[in-house]
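Heads up: numbering here begins at 1 and tracks the sequence. Whatever order the structure lists them in is the order used to number ligands and atoms, beginning at 1.
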Amino acid sequence: MHTLTPSSFNSLTYLNRVQPSQNRVGPARLTVKCGYGLEFSNLTHGHGVGSSRGDWQSSCAILASKVISQLNDSPTDGNHHVNAVNGQSNAVTDLQLVPIENKPLPPKPLTITDLSPAPIHGSQLRVAYQGVPGAYSEAAAGKAYPNSEAIPCDQFEVAFQSVELWIADRAVLPVENSLGGSIHRNYDLLLRHRLHIVGEVQLPVHHCLLALPGIRKEYLTHVISHPQALSQCENTLTKLGLNVAREAVDDTAGAAEFIAANNLRDTAAIASARAAELYGLNILADGIQDDPNNVTRFVMLAREPIIPRTDRPFKTSIVFAHDNGTSVLFKVLSAFAFRNISLTKIESRPHRGRPIRVEDDESEGTAKHFEYIFYIDFDASMAEVRAQNALAEVQEFTSFLRVLGSYPMDMTPWSPSSTSH
Ligand SMILES: O=C(O)C(=O)C[C@]1(C(=O)O)C=C[C@@H](O)C=C1
């Protein structure tokens, strides 16, 4: 398998590039650094979203037609871009990069398989994930798109860009974990990029403590892993008597790879059993997550939205803000409550374009309010009239609103991980 590297986006021949590590197992990762502007569009009141593909796409265009505000949360980029909600990315021109082909490929039409969270077609879909082989994200990519080609990326940002630049067809990225909470970086990137959520996948995460062959727990002075994995195993490490330094690295399997590559005899990694196998490490302890209900939720991202349906459970993800901060939150929530629509998740993030609102009061002084952007997932499809009406109402209260995606819920049967403690 080949690897994508930082210069992949500048080169037409990313497949020939290999990262410098001599000890790398499997592909090196796709990496790149850059940032670009945001688009924010406001939902146009009164235009419902139909259930056919044409309705959905024209609704997306309508949603984008009334741009209320633009925002840029990238401090390094002064450009503002306003695009259709489902418009093609202009990342290539923004980045002044050369795509994988000499000229950008024309948009591919949606096919029936795009409706499925896990297409079962023969052609090999290229699915970007963050991490190295053996990472949970790789497993999530395989669960979301069986028989796909998994493309490792060294950063979440790179996974987004690889889809925008047609290097990958989809990205599968973690957004929250049942023990560790939200992966905030990906919430911020969902807003900054123009990809659509087309599905979700929930992965039970079963952690192991890995070390070089012959190493015992008593020899350890460090445990390294992804910060989420460290937090998911915090109590168990203490119970195992491992009150040693804990260090965060980019991903769990990367930690295992690092130990193997550098022959670290005083360091263990928290990672999967597959990472142990790939990098030649021993499993010192199995099932070290603090709770068997350790599940990470990943979203599947594509350049085009899917057609929302009503014949199976759907979820819709939105993001919004208001010029007067949190005061609208109650009104927004009631738009869903009145229509009996359950919310499955609320997340708030700093409003990077305007992080503080200052209110002067002559007698009392100056109040400095923090400003937020809100993300909500709700339990309905955009093909349902009640969801369309709820969003039309939400639009009345918000200065920008964007539908990140309306997609099938992951309804696979539940099997908690076992723990060894
Ligand atoms: O490091 C990995 O293996 C990942 O896939 C990343 C990640 C995360 O970002 O939360 C994914 C699942 C687990 O929750 C731990 C880490």
J.: In terms of side-chain geometry, is the basic nitrogen of Arg297 or Glu176 positioned less than 4.0 Å from the acidic oxygen of its partner?
T.: yes
J.: Would Glu138 and Arg274 pass as an ion pair if we require N to O under 4.0 Å?
T.: yes
J.: Can you check which of Ile270, Thr252, Asn294 brings a heavy atom nearest to atom 2 (C) of ligand 1?
T.: Thr252
J.: Does the pair Asp410 and Gln202 meet the rule for a side-chain hydrogen bond (donor to acceptor under 3.5 Å, both in side chains), with working shown?
T.: CA-CA 7 Å; Asp410 182 351; Gln202 297 178 345; 5.7 Å; no
J.: Working to the nearest 0.5 angstrom, can you tell me the gap between Glu157 CD and Leu189 CG?
T.: 5.5 Å
J.: Run the ring-centre check on Phe374 versus His351 and record whether the distance is less than 6.0 Å.
T.: no
J.: If you measure from the Lys or Arg side-chain nitrogens to the Asp or Glu carboxylate oxygens, is any gap between Lys345 and Glu347 under 4.0 Å?
T.: yes
J.: Among all protein heavy atoms in this structure, tell me which lies nearest to atom 13 (C) of ligand 1, with the distance rounded to 0.1 Å.
T.: Thr296 OG1, 3.6 Å
J.: Should you measure from each heavy atom of Asn177, which atoms of ligand 1 turn up under 4.0 Å away?
T.: 14 (O)
J.: Going by heavy atoms, is Glu138 under 4.0 Å from ligand 1?
T.: no
J.: Pro174: heavy atom below 4.0 Å from ligand 1, yes or no?
T.: yes
J.: For atom 5 (O) of ligand 1, grab the closest protein heavy atom and report residue, atom and distance to one decimal in Å.
T.: Ser137 OG, 2.6 Å
J.: Taking 4.0 angstrom as the limit and counting only heavy atoms of Asp251, give me the atoms of ligand 1 inside it, by number and element.
T.: 1 (O), 2 (C)
J.: Where do Ser317 and Asp377 land on the side-chain hydrogen bond (donor to acceptor under 3.5 Å, both in side chains) test, with the steps shown first?
T.: CA-CA 4 Å; Ser317 299; Asp377 291 347; 2.7 Å; yes
J.: With a heavy-atom distance limit of 4.0 Å, tell me whether Asp250 approaches ligand 1 through its side chain, its backbone, both, or neither.
T.: neither
J.: Which atoms of ligand 1 have any heavy atom of Ile183 under 4.0 Å away?
T.: 10 (O)
J.: Check each atom of ligand 1 against the heavy atoms of Gln228 and keep those under 4.0 Å away; list them by number with element.
T.: 10 (O)
J.: Is there a polar contact, in the sense of an N or O pair closer than 3.5 Å, between His226 and ligand 1?
T.: yes
